[in-house]
Amino acid sequence: MADPATAPAVEANFDGLVGPTHNYAGLSFGNVASAKNAEQPSNPRLAARQGLAKMRALAAIGMAQGVLPPHERPHLPTLRRLGFSGSDAQVLRAAQQRAPALLAAASSASAMWTANAATVSPGTDCRDGRVHFTPANLCFNLHRAIEAATTARVLRAVFADDRHFSHHAPLPATPALGDEGAANHTRLCGDYGEAGLELFAYGRGLPDEPAPQRYPARQTHLATETIARLHGLDDARTTHVLQRPSVIDQGVFHNDVIAVGNREVLLYHEQAFADAAALKRWIAAHWHGSRVPVFVEVRDRDVSVEAAVGSYLFNSQLICPPDGSMRLIVAQESREHDAVWRTIEGIVHDQRNPIAAVDVFDLRQSMRNGGGPACLRLRVVLDTAQRAAVNPQCWIDGDRAAALEQWVDDHYRDRLTADDLADPQLLDESRTALDALTRLLGLGSVYDFQL
Ligand SMILES: N=C(N)NCCC[C@H](NC(=O)CCC(=O)O)C(=O)O
């Protein structure tokens with residue numbers, strides 16, 4: 001057992017637990033999988049179990065693995081705000097009859113993709129030494145914009161100690177400040193406890209910068225600059241890079257669909273950034289880490305952007321278990337795509353990078369909505385004292401995983417379609433489940449129905 005006083009900082013993963021209303025509603029324009037699977041029946045129980053299996057497995061290899069709860073859905077306060085009134089059952093029925101798209105938006109389990117919950121900067125990068133959180137406003141899509149208020153409450157309940165954690169309000173929810181959280185943010189460093197370089201990717205920038213033509217760019221330059229300022233980051237160790245507009249137009253709605261960084265490694269598709277060569281030069285020029293930066297560039301002739309979007313190769317998690325080795329956590333879809341799998345095997349065998357192993361997970365329920373392994377987790381670098389200050393019931397070990405699996409089996413349905421979203425019984429089941437969950441995770445009252 002490492003001496004806690006000298007134990008190194010860790011990069012913890014906080015995965016979003018899939019909620020009881022997980023469904024396929026085709027809500028995300030520009031997200032190819034969401035559009036393709038619209039109106040298919042979903043299996044919320046299986047979805048939650050698949051996510052928990054990943055959490056359990058990462059905890060079992062010694063990773064600091066946490067969990068963040070689902071949100072209250074259908075979200076009745078949103079429907080009431082939009083003009084539906086009467087009893088809960090009347091609100092649901094009227095919304096289904098008169099505005100099914102609003103009912104679908106109020107019912108999405110999209111909070112599971114916690115890479116979009118917030119942007120997080122480790123204490124060593126921030127002026128005041130605390131870990132900084134800015135919940136994402138997700139203002140591009142209604143179903144995601146309604147996450148921000150609950151996310152803010154949840155993060156305060158999990159990271160409650162203000163000696164260690166600093167919580168900012170979500171940025172004003174207006175198009176010019178569109179912010180989708182950590183999915184567009186990467187940190188490179190020597191060891192997790194060293195000061196790192198923070199890379200913010202954005203798709204919508206200055207008026208003279210190129211923009212996608214077909215699909216929306218959700219992350220704005222103004223948001224990334226604002227977050228860097230709020231977090232007290234050092235300008236000399238922070239950069240803001242433009243995503244290549246043509247890849248957004250091919251379905252790369254977040255940068256984590258085309259690039260992933262961990263410790264000293266940046267794994268990316270050659271077309272991910274408007275100017276990858278300039279980014280590499282910037283990293284090399286500003287690097288102070290104890291390891292040298294390693295760039296793993298995947299060529300288009302090996303994996304096309306279309307194959308990257310279909311397989312979610314770059315939405316893999318790159319993780320370091322306690323022995324300091326590095327491994328890739330990939331979705332089953334990457335295993336099933338020949339060219340992608342060949343590329344992964346090539347990366348794992350190439351001695352010039354530290355990535356030495358790959359683990360494959362079945363996350364199909366989430367993948368059908370465009371959410372892969374990396375979408376499902378929010379990374380939080382923690383030193384020993386910060387780690388000890390996290391709400392202890394939100395850490396996953398074998399026992400907590402078993403308790404959550406039982407909770408899922410007790411409360412979740414195994415089939416859900418659009419018609420079910422107006423079922424008042426589903427609302428009841430969901431509230432009962434979440435009420436029990438807040439006790440299981442020691443969160444206090446975080447949901448509107450509890451306040
Ligand atoms: N790349 C990261 N980090 N996250 C993936 C988010 C997927 C999510 N899908 C959805 O919201 C689809 C919901 C639906 O269609 O029912 C989105 O597009 O915002």
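Just follow the structure's listing: the first ligand is 1, and inside any ligand the first atom is 1. When reading the values below, keep in mind they use all heavy atoms of this one structure, side chains included, and skip hydrogens, waters and symmetry mates.
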Of all the non-hydrogen atoms in the protein, which one sits nearest to [atom], and at what distance?
atom: atom 9 (N) of ligand 1; result: N369 O, 3.0 Å
atom: atom 3 (N) of ligand 1; result: D256 OD2, 2.7 Å
atom: atom 2 (C) of ligand 1; result: C375 SG, 2.8 Å
atom: atom 17 (C) of ligand 1; result: S28 OG, 3.4 Å

With no hydrogens and no angle check, just 3.5 Å: does a side-chain donor-acceptor pair link [X] and [Y]?
X: H231; Y: S121; answer: yes
X: N262; Y: Y192; answer: yes
X: W113; Y: S366; answer: yes
X: Q332; Y: Y312; answer: no
X: Q219; Y: H254; answer: no

If I apply the N/O under 3.5 Å rule, does [X] come out as touching ligand 1?
X: L27; value: yes
X: H254; value: yes
X: N116; value: yes

Salt bridge or not for E336 and R364, using N-O below 4.0 Å? yes
Determine whether the side chain, the backbone, both or neither of N31 has a heavy atom under 4.0 Å from any heavy atom of ligand 1.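 It is the side chain that gets close, since no backbone atom is under 4.0 Å.
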Select one of side chain, backbone, both or neither to describe which atoms of N23 lie under 4.0 Å from any atom of ligand 1, heavy atoms only. backbone
Pick one: which of H71, E147, R73 meets side chain to side chain donor-acceptor pair (under 3.5 Å) with S110?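 Answer after filtering H71, E147, R73: E147.
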Residue list, ring-ring contact (aromatic ring centres under 6.0 Å, His included) with H337, at least two apart or on another chain: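 For H337 there are no ring-ring contact (aromatic ring centres under 6.0 Å, His included) partners, ignoring immediate neighbours.
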For [X], take its heavy atoms, then give the atoms of ligand 1 lying under 4.0 Å from any of them.
X: G26; result: 14 (C), 15 (O), 16 (O)
X: G370; result: 5 (C), 7 (C)
X: S34; result: 12 (C), 14 (C), 15 (O)
X: A115; result: 3 (N)

Taking R237 for its side chain and L197 for its backbone only, find out whether a donor-acceptor pair lies under 3.5 Å. no
Is it true that a side-chain atom of Q213 and a backbone atom of A211 form a donor plus acceptor pair closer than 3.5 Å? yes
So which of R144, H143, M112 gets nearest to atom 11 (O) of ligand 1, if we judge by its closest heavy atom? H143
As a check for students: among A25, A183, G30, identify the option with a heavy atom nearest to atom 16 (O) of ligand 1. A25
Yes or no: does R218 have any heavy atom under 4.0 Å from an atom of ligand 1?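 Checking ligand 1 against R218, which is what was asked, there is a heavy-atom contact under 4.0 Å.
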